[in-house]
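All remarks here apply to the structure that follows.
Each ligand, and each atom within it, is numbered from 1 in the order the structure gives. Nothing fancy with the numbering, it's 1 onward along the sequence. Values reported hereafter were calculated over all heavy atoms of this structure, with side chains retained and with hydrogens, waters and symmetry mates removed.
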Amino acid sequence: MDRIRIVGGNELHGVIPISGAKNAALPLMIASLLTDDTLTLENVPHLADVEQLIRILGNHGADISVNGRRERQGESYARTVHFTSRNIVSTTAPYELVSKMRASFWVIGPLLAREGKARVSLPGGCAIGTRPVDLFIEGLASLGANIEIDGGYVNATAPAGGLIGARYVFPKVSVGATHVLMMAATLANGTTVLGNAAREPEVVDLAKCLNAMGAKISGQGTSTITIEGVRSLSGARHRVLPDRIETGTYAMAVAMAGGDVILEDTEASLLDTALEAIRRAGAEISETNSGIRIVRNGAGIKPVDIVTDPFPGFPTDLQAQFMGLMTRSSGVSHITETIFENRFMHVQELARLGARISLSGQTAKVEGVPRLKGAPVMATDLRASVSLVIAGLAAEGETMVSRVYHLDRGFERLEEKLTRCGAHVERVSD
Ligand code: UD1
């Protein structure tokens, strides 16, 4: 199993190209099941989660081709991928496939809308809390679906004439359930209004793509989304938006290690709250023509309190990385997680590097230390794993991160992107 070896102490200088967003690419790929025409997605990141979803979509009958010649984008390679689901050959998403990645559960929306039925295994994915699917079930039921849970599977059937537009107010903001309800409602009879919907940029990106396919969606980016059902959707060509989590992660890496880096092909407006927190921690951030420049020279890291919240709040997917940064601050910071109840597994690993963190309920108190010291650590989930890399960049000596398959799910060519900026990071295969 691969490990990542980091020797800390180097500043970062150079350019890091930002990939297409994993969390946008996944729902966009799933949306291809809504049409028998071809959906072409540009800027698709090359990640384990994307490859896994390609397998899952193939199981439903999607014919998928990746552009032979990869589109060159800075130092990285974005891919253009074509998805054609002429016929849905199976409306079942089996446990073996769905258990590997939670987002694959989302196929339930398009399958139900297009085929009138879906049998989808209850999901797996990152172990960051119980992560139930009640909102998906309640929401789809409000569109007229009959849903039963049996033997670890969700069996859903639409009424004879198809799903029926309705008004549904989410009792809690959910990105995944908003994606699914929005996709399902595109082919429903009549109009659907989703209240308390997620406002994440990835939801907006999905709505944009669905509209290019012929859907009639408005209000995306606000908490009320209106979807007028249409009879069918067509193909389209859509470019996946930049990955705001990858952007924030590298911004925090520079804030941690010091240096001067341009994050290319990204947009500051996707992560204002996180960038503001990094600024308050002492880094200078400015917008360039094609991205963001982040500089920290000399000045130390100041303590900053954050609370995770749905967009436009501080993203839960950057919480672990920010904690990594705060381990070296000059004071005490508080990090409160409000989205997932068990998303502090990185705390004990950061402690192995010398971090001083205590937990009280949903809040971590981080007392900054003047130095971290490299140690063997274990990645526990996708975002937690990269917080260990950030800490390793500033730790003295060698940090060896095991279980890096977590990293490969969500960070494209991480070691290459950091190495080109002067970091000492390498993949070690046993
Ligand atoms: C998505 C992102 C994930 C991010 C999260 C929050 C993808 C692939 N994943 O995950 O990276 O961390 O948004 O921004 O895009 N909930 C319920 N019942 C449900 C659904 C959710 O109680 O039926 C709860 C969850 O347990 C959690 C909260 O709602 O406490 C938010 O979850 P949700 O927004 O659905 O997260 P995901 O879509 O799984």
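Under the 3.5 Å distance criterion, with hydrogens and angles disregarded, a donor-acceptor pair is assigned to the side chains of His346 and Gln319. No hydrogens or angles considered: nothing links the side chains of Asp305 and Ser333 as a donor-acceptor pair under 3.5 Å. A donor-acceptor contact under 3.5 angstrom links the side chains of Glu412 and Ser19, judged on distance only. If you check the side chains of Tyr153 and Glu148, you find no donor sitting under 3.5 Å from an acceptor.
The closest approach between Arg343 and ligand 1 falls below 4.0 Å for a heavy atom of the residue. Using 4.0 Å as the threshold, Phe105 has no heavy atom nearer than that to any atom of ligand 1.
The backbone and the side chain of Ile339 each have at least one atom closer than 4.0 Å to an atom of ligand 1 (non-hydrogen atoms only). Here Arg102 has side-chain heavy atoms under 4.0 Å from ligand 1, and that is the only part of it that gets that close.
Taking distance alone, with nitrogen or oxygen atoms compared against 3.5 Å, Gly176 approaches ligand 1 more closely than that limit. For ligand 1, none of its N or O atoms has an N or O atom of Phe340 under 3.5 Å away. Residue Arg383 places no N or O, backbone or side chain, under 3.5 Å from any N or O of ligand 1.
Of the residues Thr38, Asp37, Thr40, Asp63, the one that meets the side-chain hydrogen bond (donor to acceptor under 3.5 Å, both in side chains) test with Thr84 is Thr38.
Every atom of ligand 1 with a heavy atom of Lys172 under 4.0 Å away is listed here by number and element: 24 (C), 28 (C), 29 (O), 30 (O). Close contacts of ligand 1 with Asp317, meaning ligand atoms under 4.0 Å from a residue heavy atom, involve 3 (C), 4 (C), 11 (O), 12 (O). Listed by atom number, the atoms of ligand 1 under 4.0 Å from Trp106 heavy atoms are 7 (C), 8 (C), 15 (O), 38 (O). In the vicinity of Phe136, heavy-atom distances shorter than 4.0 Å reach the ligand 1 atoms 20 (C), 23 (O). Of all atoms in ligand 1, numbered sequentially from 1 with element shown, those under 4.0 Å from a heavy atom of Val175 are 1 (C), 13 (O), 14 (O), 33 (P), 34 (O), 35 (O), 38 (O).
Two residues are said to be in side-chain contact when any heavy atoms from C-beta on lie closer than 4.5 Å; Asn23 and Val175 fail this criterion. A 4.5 Å side-chain heavy-atom check between Ile227 and Ile225 finds at least one atom pair inside the cut-off. When side chains are defined from C-beta on, Thr192 does not count as touching Leu181, because their heavy atoms never get closer than 4.5 Å.
Across the listed options Ile245, Thr316, Leu318, Thr316 owns the non-hydrogen atom lying nearest to atom 6 (C) of ligand 1.
Enclosure of atom CZ in Arg293 is not indicated, since only 12 or fewer non-hydrogen atoms of other residues, nucleotides or ligands lie within 6.0 angstrom.
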